[in-house]
Every structure is written in C-alpha cells, then in structure tokens.
Amino acid sequence: MYLDSSHGLRIKAALHTHTSNSDGLLPPEKVVEYYGKRGYSVIVLTDHGKITRVKNRKDLLVVPGVELSCGRTLLGEPYHILAVGLDDERVLRIRDVQEVIDYINSGGGIAIVAHPYWSGAVHQDLVKLRGFTAIEIFNYGCEVEVSKGFSLHIWDSLLTRGVKVWGVAVDDAHRYLLPPLDADGGWVVVHAEDVDLDHVLKSLKEGRFYSSTGPAFTKIRYDHGVLEVETEGVKRISVISSNGRGLPVDMNTIKWLSKIDERNGYEISINNVNSDGLCITVSLGKTSIETHVEDDRIKRLVVENGKWEGYIRLEVADARGRKAWSNPIFL
Ligand SMILES: [Zn+2]
Ligand SMILES: [Zn+2]
C-alpha cells in the first residue's frame, strides 16, 4: 500500500449513508446535495435492505449500494454488511453472511463489514469469513450515538492473524442536520486516476486510500526497510505493528528531545532546516527515526529498520485530536 499525492486524484468519499428510503432523515437528493457541498466527489447510498438510486450529478459520483443484515455473530446479533458498487436486488434475499459476501464479489462489488464494535462482533466472528474487502474501523454515527465508533482492535487482531483487510472510516449518517450531528465526521480519501465507478472501485479493492476524521496523508512509502510518511502537519504519528510492536512520534517528545542537555544514552542529532523548520534524528540501536517539523507540526517521518512484524499501519492525530489511518503495509 503506497500513496503519493503527486500522482492521480485524491477523492473524498462517503461510503455509508442513509436516506429517507430507509431510516435516514433526508431524501436521497438532499443527502447527495449535503455531501456535494462539503467537498465529496463520491457518495454511496447504503439504505437498509433497499437499493436507492438517484441521478448522477456532473460533480459527484453516486455509487449504488445497500446495507444488509445477515447471519449471526457469537453474541447473536446480525452482521451488517455494506455492498458497495452492486446494483442487484437479488442480494437482498440472501440470508447467509458468507453467501452475501460471495454474491457481492461475484457481481463486481465490494463487501465491507460495518461497525463491528457496535454489532458486538469479535474477531472470531470475522476471521472465519472470506472475501470481505474492508471493515469499518471508524463509524461516526456509532460514535456519536453510543460511543462505539472505533473498531481498531478488531482490525489489528485480524491483521495479526494474517487476514488481509483494509480499514475504512464512514459516517453511517442518518440525521445530517439534526443534532446529534452524524455526518461529515468520517470518510476515506481515495487515490485514483479518475472519478468513475471502475477506477474508484479498483482503488478501494487495492487499498489505495486512507481513512480520516480530519488530517491528511500526502505520502506513504515503504521500501527496503525504509518507511516514509508525509502529512499536511500533525501533532502525532504512530506506527502500529502486530501485538505490542510500533512506535509513536509526537510534538511533546520532539520538544523535550530538542531541549534536554543530557541525552540519557539517546543518540540524537538536530538540524535546523529553515527558520521555522527542524529535522531531528534519533537512533535507537539499529532503528533510526528522522522527523521533520514545521510550524510546530510534524510534516514528515522516516524510519529505517523499525522492529516490525507482519504488517505496519499508520495513525496520525492533529491538534484537535482528529485522526487519520493508513491501510496496512504487509511485510
Ligand atoms: Zn448498520
Ligand atoms: Zn448504516
């Protein structure tokens, strides 16, 4: 999974939304308009058990989709599966969760496991399934309503078990303009050549996107043991790997490191790169961590020889605590 903003388009997409065709408060055209006004180029209407169709607008790609309740988790709750890019009513009649996923794939769509935490799903419920492209790692609606929006630990459990699955942030919007507001709080930024169904679905399948509630990645690259990450400026970057492996880089630590006289055994070099910029390199054994800071924000991180295993993924946080997540890079 490599991203580079200098190639192709960056497309803001809402993958999970409801309209008044199921339990959403706005009619389909108004939902599309809502996202159109907020910089989205792709929207998937995922009403419960119903495929909602609207006319495509010039500036906005409306992708067919549906949210399906099927099967049972260990706790006895139904799975909720999003079918993205599938315009076929026959999927609505399937009850078995694996058959639903297989049908979505055979029709050229993408299957996403919605809000695992909210559904009471544990990783045993997901590890036995095959063929789902992503799970919702952040669901804004579930967070706003019952503080069960984050499903990151299930993702890491799956990744540690070797399941290759992407993570998406979504709204699952129902209320839109009526508090508690549940829209425009979680989205994905897809890197694709063009804003059309084929290109967008291909990028989603291949994991060429990141998830966000605010911050942006501009580059992610891993090559021969060197991890390079660039952002538009964040307070913290965490590299996350299997079990307890990983490392955090945050502005508080950088400020502390750049001030202390006693380096306490750390091997540190600090170079001013320009008037308000700083490049600080820390070596810990064989691992070297180079951080570029500008205007009190981290713009770039380069890690060489990190102690990772299985996969690495990135999480960043901005000054307001908003986060973005990369997809995993499998080692
Ligand atoms: Zn749901
Ligand atoms: Zn939903």
Side-chain angles (χ1 to χ4, degrees), residues 13-28 30-32 34-35 40 42-54 62-87 91-92 94-98 100-101 103-104 109-123 125-126 129 132-152 154-155 165-188 204 211 213:
L15 300 181
H16 187 167
T17 66
H18 294 277
T19 80
S20 53
N21 269 355
S22 60
D23 54 354
L25 297 187
L26 290 181
K30 290 283 174 198
V31 170
V32 173
Y34 177 96
Y35 284 101
Y40 288 76
V42 174
I43 170 171
V44 190
L45 301 174
T46 52
D47 276 311
H48 298 281
K50 244 180 219 172
I51 298 177
T52 298
R53 297 174 183 90
V54 296
V62 184
V63 175
V66 61
E67 182 170 13
L68 302 148
S69 290
C70 50
R72 292 271 171 229
T73 64
L74 290 170
L75 285 177
E77 297 292 330
Y79 293 85
H80 284 196
I81 305 290
L82 300 183
V84 173
L86 183 79
D87 193 355
V91 74
L92 308 178
I94 306 172
R95 291 284 158 261
D96 179 75
V97 60
Q98 186 60 60
V100 163
I101 294 170
Y103 195 84
I104 294 167
I110 285 173
I112 298 175
V113 178
H115 46 64
Y117 182 18
W118 184 93
S119 294
V122 292
H123 95 273
D125 288 312
L126 302 189
L129 299 178
F132 54 103
T133 296
I135 68 165
E136 288 180 357
I137 53 169
F138 178 71
N139 180 304
Y140 187 44
C142 294
E143 184 60 18
V144 167
E145 279 198 5
V146 287
S147 294
K148 288 188 175 177
F150 293 89
S151 296
L152 290 151
I154 298 176
W155 196 27
V165 60
W166 310 129
V168 296
V170 301
D171 277 342
D172 198 357
H174 290 79
R175 306 174 61 83
Y176 300 96
L177 302 165
L178 190 73
L181 302 179
D182 62 359
D184 197 26
W187 58 86
V188 295
L204 286 170
S211 294
T213 63

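Positions are given from 1, in the same order as the sequence printed here. Both counts, for ligands and for their atoms, begin at 1 and track the order of listing.
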Short side-chain donor-acceptor distance under 3.5 Å, Asp96 and Tyr103: no
Closest His80 atom to the Zn ion (ligand 1) [N, O or S only]: ND1
Which atom of Asp172 approaches the Zn ion (ligand 2) most closely (N/O/S): OD1
Shortest non-hydrogen contact from Trp118 toward Val146: CD1-CG2, 3.6 Å
Minimum-distance N/O/S atom that Glu67 presents toward the Zn ion (ligand 2): OE1
Option from Ile112, Val97, Ile94 for which side-chain contact (heavy atoms from CB on, under 4.5 Å) with Ile81 holds: Val97
Minimal non-hydrogen separation, Ala13 against Tyr40, with atom names: C-CD2, 3.7 Å
The Zn ion (ligand 2) contact by His48, N, O or S atom under 2.8 Å: no
Donor-acceptor pair between His48 and Asp23 side chains, under 3.5 angstrom: yes
Presence of N, O or S from His115 under 2.8 Å of the Zn ion (ligand 2): no
